[in-house]
Trainee: 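Quick one: the structure is below, and I'll ask about it shortly.
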There are 4 protein chains.
Amino acid sequence: MLNRVILIGRLTKDPELRYTPSGVAVTQFTIAVDRPFTSQGGEREADFIPVVTWRQLAETCANYLRKGRLTAVEGRIQVRNYENNEGKRVYVTEVIADNVRFLESNREGGAGGGGQREETPFGGSGSGGGNTGRSNNFSRGNQNDPFSDDGKPIDISDDDLPF
Amino acid sequence: MLNRVILIGRLTKDPELRYTPSGVAVTQFTIAVDRPFTSQGGEREADFIPVVTWRQLAETCANYLRKGRLTAVEGRIQVRNYENNEGKRVYVTEVIADNVRFLESNREGGAGGGGQREETPFGGSGSGGGNTGRSNNFSRGNQNDPFSDDGKPIDISDDDLPF
Amino acid sequence: MLNRVILIGRLTKDPELRYTPSGVAVTQFTIAVDRPFTSQGGEREADFIPVVTWRQLAETCANYLRKGRLTAVEGRIQVRNYENNEGKRVYVTEVIADNVRFLESNREGGAGGGGQREETPFGGSGSGGGNTGRSNNFSRGNQNDPFSDDGKPIDISDDDLPF
Amino acid sequence: MLNRVILIGRLTKDPELRYTPSGVAVTQFTIAVDRPFTSQGGEREADFIPVVTWRQLAETCANYLRKGRLTAVEGRIQVRNYENNEGKRVYVTEVIADNVRFLESNREGGAGGGGQREETPFGGSGSGGGNTGRSNNFSRGNQNDPFSDDGKPIDISDDDLPF
DNA sequence: TTTT
DNA sequence: TTTT
């Protein structure tokens, strides 16, 4: 009935932009959130939490987030499940974000490097809003469709569309 | 750096109280949280989210929560992992709660039935506070220790203590 | 940059539905949220937090919420200010809700009584969505416009529209 | 029953550390949180939200936060009221924080300037925890007690202690 | 493996 | 001015 998550942490890798078969943008990334205490052994620990964004927000994240960036994520916990290739049901827990805030601009710190896409965010993020279907900034041929040729089991489909 | 979750939903089963080898109370339950939209097929869907509480709060939850009860949970997302009996790393995502609110008193509705424990909450919940170690309301012999004889791989240990 | 509030408490009064001059629905109510501790003197205390909802959500709240009902509110803190009739700047802090959950159906407990409007919610609430402008369930003449004739300084206007 | 706020914004001024008559540390500051939309006129707007921290956390905030710093605040909304010198009841809404995260270290950007206190945070913040009473990092004579000689009406007292 |  |  109510399901709200707020996280602040750092991306463990550059985000991955994909499209569902019907052409809806999805971006996945993981954020490392330091725990507020140390383990028995005294080491700093973190939770590595998978985040999914859809549509316009997916494209903004793919464009401006990079490995190492401090980021705030707001969304809901989703538990989906699918049958894997051994016929076993697998449960996947993710945060479906509807609001993402870039807490570090592209100049400062971060793992930086190799940004082959835009260099400047245009002011934070949106909130899930706007255009349904595929943005035309992102042309897509069959060849580079991550949902048909990346070898891994396809585990995000149009059925997973959250709205 | 910041990790906050708030959920409102219903318990899918009575909660399960256990103790770690060193005697710390842990209670696990799952809450079903209806999604704010229906699926393509038009059915209501829900996320089934595992919740863990520790110490005093674990005992309060075990005493007063029951299957079907509407409940608010506040906590953080934790992703732990362990190696299963086939040597494969398994990831488990849970909400570690530090605040649980009973939104339905024991009188009204609910699945009711068979409450062999207390019948009245004494005013909501605490917030993780208080006594370390084991409460003496809960005697425990070796025989009924869920961590040594329930047949399933032991997947919660003192190493998982969150504070 | 991020502003999120979640409250669970009880309405101190029936909600008040009004319309801005241009006809947008606004509902205001106050929820009493018990503090998690008692005062020095040992009394239970509560915070009385003003909540504002707009448009479709305003109408749903006006229809289904009543004094005493347990309610969950999700939104953002807003601090607006205006000049009062003595020329002094007054600051008003409110929660602008975009999600409201009715945690008690109309049957159970509550202050009940005098419900001259609908008796059954149709499943929770929405989330700010939908129709701009005025719903036609709510006819409104100049005479009963709370924004032109209630004697009090008009302190909500179209300028306060949050989206 | 549940009251949770999470904010990310920038301090409008350096924080103010004070002590209650019995010597408990309190720090107040305001954070400016940009709204997620622009006003009718198209200007960026912000909410200016007063924040209060107590005890150990108050001292950490006073030491490390400065005007302009990007900061995450977690806490609860509190509405207190007092009678002013004209005998009128005044309502004050504040966020009582139990967790504060410094999202910008002291090197980068910010309004910088004139930091006459420590230059390096020792790793974020705590969470309200720890020592009751006054830390001995902060010597205090009668003369510089902000609660006895600052001329302004004393509006925070030991009665406001949240725990 | 799921709740109302 | 406040709710159970």
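Each chain gets a letter, A, B and so on, in the order the sequences are listed, and its residues count up from 1. Every heavy atom of this structure was used, including side-chain atoms; hydrogens, water molecules and symmetry mates were not.
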Trainee: Rounded to whole angstroms, how far apart are CG on B/Leu7 and C1' on E/dT3?
Mentor: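 So the two atoms are 14 Å apart, to the nearest Å.
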Trainee: Could you check how far CG of C/Leu65 sits from C1' of F/dT3, rounded to whole Å?
Mentor: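 The distance from CG of C/Leu65 to C1' of F/dT3 comes to 13 Å, rounded to the nearest Å.
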Trainee: The side chain of D/Arg89 lies closest to which of these nucleotides: E/dT2, F/dT3, F/dT1?
Mentor: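 The answer is F/dT1.
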Trainee: Sequence neighbours excluded, which residues qualify as side chain to side chain donor-acceptor pair (under 3.5 Å) partners of B/Asp47?
Mentor: B/Arg35
Trainee: For D/Glu83, enumerate each residue passing the side chain to side chain donor-acceptor pair (under 3.5 Å) test, keeping only those at least two apart in sequence or located in another chain.
Mentor: D/Arg89
Trainee: Rounded to the nearest Å, what distance is computed from the CD atom of residue B/Glu16 to the C1' atom of nucleotide E/dT1?
Mentor: 12 Å
Trainee: Could you state the NZ-P distance from C/Lys13 to F/dT1, rounded to the nearest angstrom?
Mentor: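 So the NZ-P distance, C/Lys13 to F/dT1, works out to 11 Å.
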Trainee: Grab the CZ-P distance between C/Phe102 and F/dT4 for me, whole Å please.
Mentor: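 To the nearest whole Å, that distance equals 18 Å.
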Trainee: Nearest-Å distance, CZ (B/Arg69) to P (E/dT3)?
Mentor: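 These atoms are roughly 15 Å apart.
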Trainee: Using atom CZ of B/Arg35 as one end and atom P of E/dT2 as the other, report the distance to the nearest whole Å.
Mentor: 14 Å
Trainee: State which of F/dT4, F/dT2, E/dT3 makes the closest approach to the side chain of C/Asp34.
Mentor: F/dT4
Trainee: As a test of reading the structure: which of F/dT3, E/dT2, F/dT1 is closest to the side chain of D/Tyr91, going by heavy atoms?
Mentor: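 The answer is F/dT1, which lies nearest to the side chain.
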